[in-house]
Structure formats: structure tokens, C-alpha cells
Amino acid sequence: MTNIEEALALLAAPCTDERFFPRALSALTLVTQCRWAGFVRPSTKKGFAEVVAFCDGKKSLPGFEFELKNSPCEQIYLAQNKQHLTFTNELQQRFPKFELLKKLGANSYQAEKIFNEQGDILGHIFVIDSLPQVENTKSKEFFRLLAQRVGVEYQRQIINRELKQRQDMIASSEQYMSFVDTDYIYRVVSKGYESLFNLNQADIIGRPVYELHGLAVFEGQIKPLLDRCMQGEQIKTQLWVHPPHIEKPIFLDVHHNPYYDANGKIKGAIVSAHNITELEKAKNKVEYLANHDSLTGLANRRSLFEQFHSLLDQGVSNDKKMIIAYIDIDDFKSINDNFGHKIGDLVLKEVANTLTKVSEGEDTVARIGGDEFVLFTTCNNMTDFGYQSLLHRWRKRLQQALCKQITIDEYEITLSASIGLHLVTDTSAELSSLISNADNEMFKHKQNGAAQQ
């Protein structure tokens, strides 16, 4: 197994907890053959940075904080137009005031910036070694891919921390509490309801629920829950409500408990609710990051597999067949080499938008590699000739959409793609095997195209 293969194997299995960063840094040391690797983010202390994770080969070392001035890390932030930075040798001579280099005996340094979705710098990953470093295309590309992955996982950790903070805040916040009688009249409300309806407590008590929430919301969402509760059922649910005076709907965690009088007769419902709108948004954001490619917004490999199995569960094989398209952008490396990775990323986004339009929102489109995309669609049963005709039309449709001249940031770029199509006849096969069949078909067409040139 090569260093690249071993590094990719380290990152292959999903891992979103604290073990991710040590594993990612170990992979980076394998690919670059460097002694140390780390992940750095700006510190809350001005002029300082924080090493979040640090690795000596396969062994994790404690993180630490350091002053950026006179350090090689400072240079990657100063070099605004550079995403990747390398000092191949003489590191201690270049930065004689940075004592850590002397302590480690470091002689070379390589780093890659990490950005969030808005293009802001989150930090950077780096490797240092006692020996000189020579830039290598494979290691440089791995640096870039790893930086993207670290950025996604780091943002996910931030969101999870915010999620925990919000959960703690919700636990200690004022609840919406009320007592609703069997005629659906508010008889008791907590002070929290004042902000919900923009009314004083005295103006809420004695009014029908439908009058405050609106008849449509009352009949469609609230009344069914109250009716179940007044039949003796305890209910815990979550729902969106949109009080008339609030600009956007809010998401509530709601508990309904029946209230009995001394004779055991139900007199109404005690309702307790928390506003968990921000919590729901954060959960949705975490789920989105877990299932989408951070650059293009398309489904990622994990989401592709889930959607495929969902289609099978719906009985696709009973009355429909499936077509898998494997798309590889021709000579994408030359686009990166000639125009830079920023333009290359914009080209990938353009390809993603094109495939989304071609699919008309009814098919699944995913990015599964650097310049590799997968699209799968379903079709009704037909004759073998009909399927072959459909495959031909799909190939022509994709080629017409992808093989064109595009303008990116005033650069004229000739775009072309190799396409492999596979008709799924055995839905019991693993998706990875089916994708491999489409990949092999793509490779044949790529070879045939090269042979004809």
C-alpha cells in the first residue's frame, strides 16, 4: 500500500468526533513524509494563534497557543493571494526569532489555508520537518482536499458546540405555559405568552385559542393535539407555529398533559412549550454538512448511497429501471494548472449547476471526487431497444450540456466531459459495484475519444 493509499484509508471511514483531527494529521504526515503536522486557528487573543491539534507521526501531542509574529504561520495569513505556502529549507534562518523551530529542529514548512462557506479563513493545516521538503503535485492536491474536509468537520464541531449552548439556554429559559379549558379558551398563561402574542397576560386570558393563532393554524395543528389530550393522552411533540404578529414561524417543543378535577373528570389541557427554532436550524445545518459536498452543494457520497437505498425501498425494481451516469471532467488538472484552483472550483460549481438543470430536480446528482460526478435517474420498463435508445439520448443530452465554452472570471475555458452510462438490471448489487460499472464505461469512452484525436 502506497503512502497516498494508506492516507486515504485513514480518512475513508466517517469520523466526526475528537478522533478526526489526529487521524487527518496522521494521514498528512504519511503523504508528505514529514515529521510533524498540525491544525491552527486564530486565537481570541489578538496577534496569537492556537494549535488545535498537533501530531508527531501517529502520536497526538498537546495543543498550545503562540504569537504569530515572526513565525512561518504568520506568512500564510499575510499572503492573501496564496492558498498554499511552502518553505522548502532553511526555516530556522528565515525565522530566527521563532523558538519553537529550534526546539523541534525544524528545517522546512508547508501549509494550506482553510476557509468556511463564506470564504473567511478558519485557520490552516501545516507540516514541518527536520529535512528539506520538495513540493509534490500529489501531496499538494492531498493538502487541498484535506483542508476542505477539515474545514467541514471544524464547522460541524462549532455548530455542535452552539447546539449544546442553546440546549443549556433552553433548559433555563422561561417557558410558554398555559391552561386551556374544554371550550378551547386560555384560562391561565405564563408571562412568556406576552412575547408570543405581543399582548399582556390579562389580554390573553379568556380569549379562544383560534382567535390568537388564527383559525387555519388552530384547526390544522393545535386543535387535534388538544382533542387528544382532552381524551386523556399525554403528548410530546414538535411543531412550527406562526403567530400573526411574528415575521417568521417558530419551532416549538410542546408537552400536552390532561388536567383532572377532584372527581377525575378532564377539565382541560396544561400546555408547556419551548421555542427551539435556533436549535432546529442548527440541527438542519449539521445534517446539511453531513450530506452535501461543501464546494458545490450537491449530494455527497454518503447522501448518494442513502438516496439509492431509499429508491430501492420504494420498489424501484418492480416497475422501473435505473440509469447511473458517471461523469469525469476531461483534463481538469490542466484547468487548475493554467488558471489556478480558485477558477477550478468555480468550474466545478458550474458543472454542478449544469447537471442540476439537466436533471430537472427529479434525479439525484452527487459529487463523489475531485472532478467526478454521479447522476442516477429512474425510467419506466421498456424493451431492450427502448433502453438502448434512452441511454443514447441521455449521453447526447449530457454531452450537449457539458461540452461547451464557458466564461469564468473573464477566462474562456473549453469544457468537456467523459460520460459512462450503466443500466441497472440487478438492484440487489451494491451501489459501489454499480457505480464502478458506469466508471468503467466512462473510461472506455475516454480512451476511445483519446484514440480518435
Side-chain angles (χ1 to χ4, degrees), residues 1-12 18-43 48-79 81-115 121-151 153-154 336 341:
M1 182 179 286
T2 66
N3 290 329
I4 291 281
E5 289 170 339
E6 188 173 354
L8 291 173
L10 276 168
L11 295 176
E18 66 276 4
R19 295 171 297 163
F20 170 77
F21 291 116
R23 190 166 66 176
L25 296 179
S26 292
L28 190 56
T29 59
L30 273 173
V31 172
T32 60
Q33 291 293 286
C34 288
R35 174 75 182 277
W36 299 279
F39 168 40
V40 175
R41 67 182 178 195
S43 173
F48 282 74
E50 179 185 3
V51 176
V52 178
F54 194 50
C55 171
D56 178 2
K58 294 184 178 180
K59 182 177 66 176
S60 294
L61 299 172
F64 55 92
E65 194 174 62
F66 66 94
E67 188 175 6
L68 276 171
K69 188 176 181 181
N70 299 319
S71 74
C73 295
E74 182 187 30
Q75 298 304 309
I76 196 165
Y77 295 111
L78 293 176
N81 297 324
K82 286 189 176 182
Q83 186 169 335
H84 191 88
L85 186 67
T86 303
F87 295 109
T88 57
N89 54 29
E90 299 181 347
L91 193 62
Q92 293 186 43
Q93 287 78 7
R94 293 172 186 265
F95 304 97
K97 296 182 180 180
F98 195 59
E99 292 296 325
L100 179 62
L101 301 179
K102 296 178 182 178
K103 184 177 179 182
L104 294 176
N107 191 40
S108 59
Y109 172 92
Q110 193 175 171
E112 178 88 12
K113 291 178 185 174
I114 298 172
F115 300 91
I121 297 176
L122 288 174
H124 67 277
I125 52 176
F126 69 89
V127 290
I128 52 179
D129 197 73
S130 55
L131 299 174
Q133 293 186 46
V134 178
E135 277 198 341
N136 174 297
T137 302
K138 286 185 177 180
S139 65
K140 192 173 179 179
E141 184 62 21
F142 186 84
F143 240 101
R144 182 167 174 271
L145 293 173
L146 183 62
Q148 289 182 354
R149 176 78 190 277
V150 169
E153 297 300 336
Y154 182 54
N336 279 332
H341 287 293

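Computed from a prediction, not measured in an experiment: that's the story for all the values here. Just the heavy atoms: all of them, side chains too, but no hydrogens, waters or symmetry mates, feed the values below.
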For the residue pair [X] and [Y], what are the closest heavy atoms and their distance?
X     : Y      : answer
Leu28 : Ala37  : CD2-CB, 4.3 Å
Trp36 : Leu61  : CD1-CD1, 4.5 Å
Phe64 : Phe54  : CE2-CD2, 4.2 Å
Val51 : Phe66  : CG2-CE2, 3.6 Å
Leu85 : Pro72  : CD2-O, 4.4 Å
Gln92 : Leu101 : NE2-O, 3.6 Å

Tell me if a side-chain donor or acceptor on Ser108 pairs with a main-chain N or O of Leu131 at a distance below 3.5 Å.
yes
Please confirm whether the backbone N or O of Arg149 pairs with a side-chain atom of Glu153, one donor and one acceptor, at under 3.5 Å?
no
Gap between atom [atom2] of [Y] and atom [atom1] of [X] - 0.5 Å precision:
X      : Y      : atom1 : atom2 : answer
Ile114 : Gln83  : CD1   : CD    : 10.0 Å
Lys69  : Lys97  : NZ    : NZ    : 7.0 Å
Arg94  : Asn107 : CZ    : CG    : 9.5 Å
Leu146 : Thr32  : CG    : OG1   : 10.0 Å
Ile128 : Cys73  : CD1   : SG    : 8.0 Å
Glu112 : His341 : CD    : NE2   : 7.5 Å

Check the pair Leu91 / Phe98 against side chain to side chain contact (heavy atoms under 4.5 Å, CB included), numbers first and verdict last.
CA-CA 10 Å; Leu91 193 62; Phe98 195 59; over 6 Å; no
Is the centre of the Phe95 ring less than 6.0 Å from the centre of the Tyr109 ring?
no
Walk me through it: do Phe115 and Leu122 pass the test side chain to side chain contact (heavy atoms under 4.5 Å, CB included)?
CA-CA 5 Å; Phe115 300 91; Leu122 288 174; over 6 Å; no
Would you say that Gln133 contacts Val127 through its side chain, given a criterion of any heavy-atom pair below 4.5 Å between the two side chains?
yes
Between Lys113, Arg144, Lys140, Gln110, which is the residue that forms a side chain to side chain donor-acceptor pair (under 3.5 Å) with His84?
Gln110
